[in-house]
Novice: 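Could you have a look at this structure, given as structure tokens, before my questions?
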Amino acid sequence: MTTFPLRNARMTGALLIAALALSACAERKADRVAFDGQFFRSNASKVDKQRNQFEISVSPVSASLEGAREAGRYEATRYCIGIFGSSNVDWIEGPDAEDGTLRISGDKLLLRGTCAPE
């Protein structure tokens, strides 16, 4: 007789875990920000093991160059706030560069900068 309540408890636990996982996915999608009417995938990574220097990749740049620029600026701000608590960025290869001088590889816009804590 003890196996039935134990099975119910396991089933209830599995359902709760599944519900939490689904709600977390829904929250992430709700947190997405559109730039120039498009959603972009962006990633920030440190350069040469130095946390204050970063590179941002944004794709697909073919959806909107202006949107990709702003998505990159946004990702850099998030990165610097997360690492240093400051949104100050000194751009090495930034989103405000002329169209012909932006670094684009495949369908990715690549930006580089340094977090500049106050």
Side-chain angles (χ1 to χ4, degrees):
M1 287 203 173
T2 60
T3 60
F4 183 70
L6 183 59
R7 191 174 349 158
N8 281 343
R10 286 183 183 159
M11 181 63 85
T12 302
L15 289 173
L16 285 173
I17 290 171
L20 285 172
L22 286 174
S23 69
C25 289
E27 286 177 20
R28 275 190 229 129
K29 285 187 178 183
D31 290 342
R32 293 178 65 193
V33 178
F35 298 92
D36 198 24
Q38 304 293 323
F39 290 103
F40 295 88
R41 291 178 304 281
S42 58
N43 181 44
S45 57
K46 60 186 173 186
V47 175
D48 297 329
K49 299 181 183 178
Q50 296 182 34
R51 290 180 20 196
N52 67 321
Q53 295 183 19
F54 60 85
E55 182 169 272
I56 306 286
S57 67
V58 182
S59 64
V61 71
S62 60
S64 164
L65 179 58
E66 187 58 36
R69 288 175 189 255
E70 294 311 311
R73 186 187 319 273
Y74 178 79
E75 186 66 24
T77 301
R78 285 178 28 130
Y79 177 82
C80 290
I81 288 173
I83 298 295
F84 294 103
S86 169
S87 62
N88 294 336
V89 175
D90 288 334
W91 289 105
I92 298 166
E93 297 176 82
D96 295 325
E98 295 292 322
D99 287 354
T101 62
L102 289 169
R103 193 164 45 120
I104 297 175
S105 176
D107 203 16
K108 292 183 181 181
L109 173 63
L110 302 172
L111 305 171
R112 254 184 110 143
T114 303
C115 297
E118 295 179 65

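Everything numeric in this text was worked out from a predicted model, so none of it was measured. Each residue takes its place number in the sequence, starting with 1.
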Novice: Where do Pro60 and Phe39 come nearest, in terms of heavy atoms and distance?
Specialist: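 Closest approach of Pro60 to Phe39, heavy atoms only: CD-O, 4.3 Å.
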
Novice: Where is the tightest heavy-atom contact between Leu102 and Ala97, given as atom of each residue plus distance?
Specialist: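 Result for this residue pair: CD2-CB, 3.9 Å.
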
Novice: Consider only side-chain N and O atoms of Asp107 and Ser59, and report whether a donor and an acceptor are under 3.5 Å apart.
Specialist: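 No - no donor-acceptor pair under 3.5 Å links their side chains.
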
Novice: Quick one: does any side-chain atom of Arg103 pair with a main-chain N or O of Lys108 as donor and acceptor, under 3.5 Å?
Specialist: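 Not a single qualifying donor-acceptor pair exists.
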
Novice: Please find the pair of heavy atoms, one from Asp90 and one from Ala116, that lie closest to each other, and give the distance.
Specialist: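 It is OD2-CB, 3.5 Å.
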
Novice: Which heavy atom of Leu110 sits nearest a heavy atom of Glu55, and at what distance?
Specialist: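 Looking at all heavy atoms of both residues, the shortest contact is CD2-OE2, 4.5 Å.
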
Novice: Mark yes or no for whether Arg112, through its side chain, and Ile92, through its backbone, hold a donor-acceptor pair below 3.5 Å.
Specialist: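 Flag not set: sc Arg112 to bb Ile92 has no pair under 3.5 Å.
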
Novice: In the single-linkage hydrophobic clustering (I, L, V, M, F, W, Y; side-chain heavy atoms under 4.5 Å), do Val33 and Leu111 co-cluster?
Specialist: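 Yes, Val33 and Leu111 fall within the same hydrophobic cluster.
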
Novice: Is any side-chain heavy atom of Ser42 closer than 4.5 Å to a side-chain heavy atom of Arg78?
Specialist: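 No. Closest side-chain heavy atoms not under 4.5 Å.
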
Novice: Where does the angle between the aromatic ring planes of Phe54 and Tyr79 fall among parallel (under 30°), tilted (30 to 60°) and perpendicular (over 60°)?
Specialist: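 Taking Tyr79 first and then Phe54, their aromatic rings sit tilted (interplane angle of 30° to 60°).
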
Novice: How long is the gap from CG on Asn52 to SG on Cys115, to the nearest 0.5 Å?
Specialist: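 Going from the CG atom of Asn52 to the SG atom of Cys115 covers 6.5 Å.
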
Novice: As an exercise, state the distance from CG of Leu65 to CD1 of Ile104, rounded to the nearest 0.5 Å.
Specialist: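 Going from CG on Leu65 over to CD1 on Ile104, the span is 5.5 Å.
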
Novice: Please name the pair of heavy atoms, one in Phe40 and one in Ala68, separated by the smallest distance, quoted to 0.1 Å.
Specialist: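 Shortest heavy-atom separation between Phe40 and Ala68 comes out as CZ-N, 3.5 Å.
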
Novice: Is any NZ, NE, NH1 or NH2 atom of the basic residue among Asp96 and Arg73 found under 4.0 Å from an Asp or Glu carboxylate oxygen of the other?
Specialist: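 A salt bridge is present here (some side-chain N lies under 4.0 Å from a carboxylate O).
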
Novice: Could you grab the distance from atom CG of Asp48 to atom CD of Gln53, nearest 0.5 Å is fine?
Specialist: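 If we round to the nearest 0.5 Å, Asp48:CG and Gln53:CD are 7.0 Å apart.
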
